[in-house]
Amino acid sequence: MTRVAISTGSHLALSMRASGVVICKPGLDDYTLLKAYRSISLHSCMGKVVETVVAELLPEETERRGQLWNRQFGPRKARSAIDAVAIMVDSAHAARTNGCITAVLVMDIKSAFPSIAKGRLVNLLKVRHMDGDLIRWTGSFRSERTVEMIIEGNSMARHPVEAGVSQGSPMLPIFFVIYTPGLNEWVEE
């Protein structure tokens with residue numbers, strides 16, 4: 001089923017419906033504030049299986065086509081966040097040993113994920129000449145998504161989701177890398 005979903009470029013319809021369950025953050029004094037609550041997104045299990053497979057295929061495709069920055073970590077095999085930290089610490093130690101001053105820039109990019117627009121993401125995949133099945137699947141993955149909020153067991157009306165990638169999606173790291181071409185080089189300069 002996963003192979004068919006990818007080759008036809010279609011994401012499972014059930015996966016496009018999410019429910020957001022609102023829960024209280026523990027240990028706060030004032031639960032009248034909006035920030036005292038957290039929304040958790042619940043999705044179809046089969047949809048997650050397909051996402052996980054594509055989350056492996058898309059980085060392989062970008063790697064094969066040389067589309068990733070040479071020092072990109074995250075969605076690449078054998079280049080985890082732990083590897084990035086180890087290299088940073090080693091580089092800082094070597095610089096200090098040689099009497100150089102070292103600075104580290106840490107960016108919090110999690111707020112960028114809700115801003116990923118489907119049209120731009122699909123266009124970036126086309127511009128990069130990615131596999132057509134993966135482009136079609138990505139377009140389908142980002143289409144006709146809806147969300148409903150459930151607060152204390154009460155379901156609210158469903159609303160369309162126009163931008164963003166669902167919380168916890170295995171697609172987040174590779175979509176972000178594709179969506180922000182040149183960001184790493186710009187920051188390094």
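Predicted model only: the values in this text are computed from it and were never measured. Quick note: residue numbers are just sequence positions, from 1.
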Only one of L125, T62, L57 clears side chain to side chain contact (heavy atoms under 4.5 Å, CB included) with L134; which?
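So the option named by the test is L57.
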Nearest-0.5 Å distance that lies between atom [atom1] in [X] and atom [atom2] in [Y]:
X	Y	atom1	atom2	result
E61	D133	CD	CG	10.0 Å
N98	H93	CG	NE2	9.5 Å
I87	I82	CD1	CD1	12.5 Å

Is it true that atom NZ of K126 has more than 12 heavy atoms of other residues, nucleotides or ligands lying nearer than 6.0 Å?
no
Are there more than 12 heavy atoms of other residues, nucleotides or ligands under 6.0 Å from atom CZ of R96?
no
State, with a plain yes or no, whether a side-chain heavy atom of I135 is found less than 4.5 Å away from one of D131.
no
Measure from the side-chain N and O atoms of R65 to the backbone N and O of H129, and report whether any donor-acceptor pair falls under 3.5 Å.
yes
Steps toward side chain to side chain contact (heavy atoms under 4.5 Å, CB included) verdict (T138, M130)
CA-CA 11 Å; T138 300; M130 301 300 278; over 6 Å; no
Which pair of heavy atoms, one from V122 and one from G139, lies closest together, and at what distance?
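Closest pair (atom of V122, atom of G139, distance): CG2-CA, 3.7 Å.
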Is it true that E60 and R64 have a side-chain N and a carboxylate O under 4.0 angstrom from each other?
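Looking at R64 together with E60, the answer is no, because their closest N to O distance does not fall below 4.0 Å.
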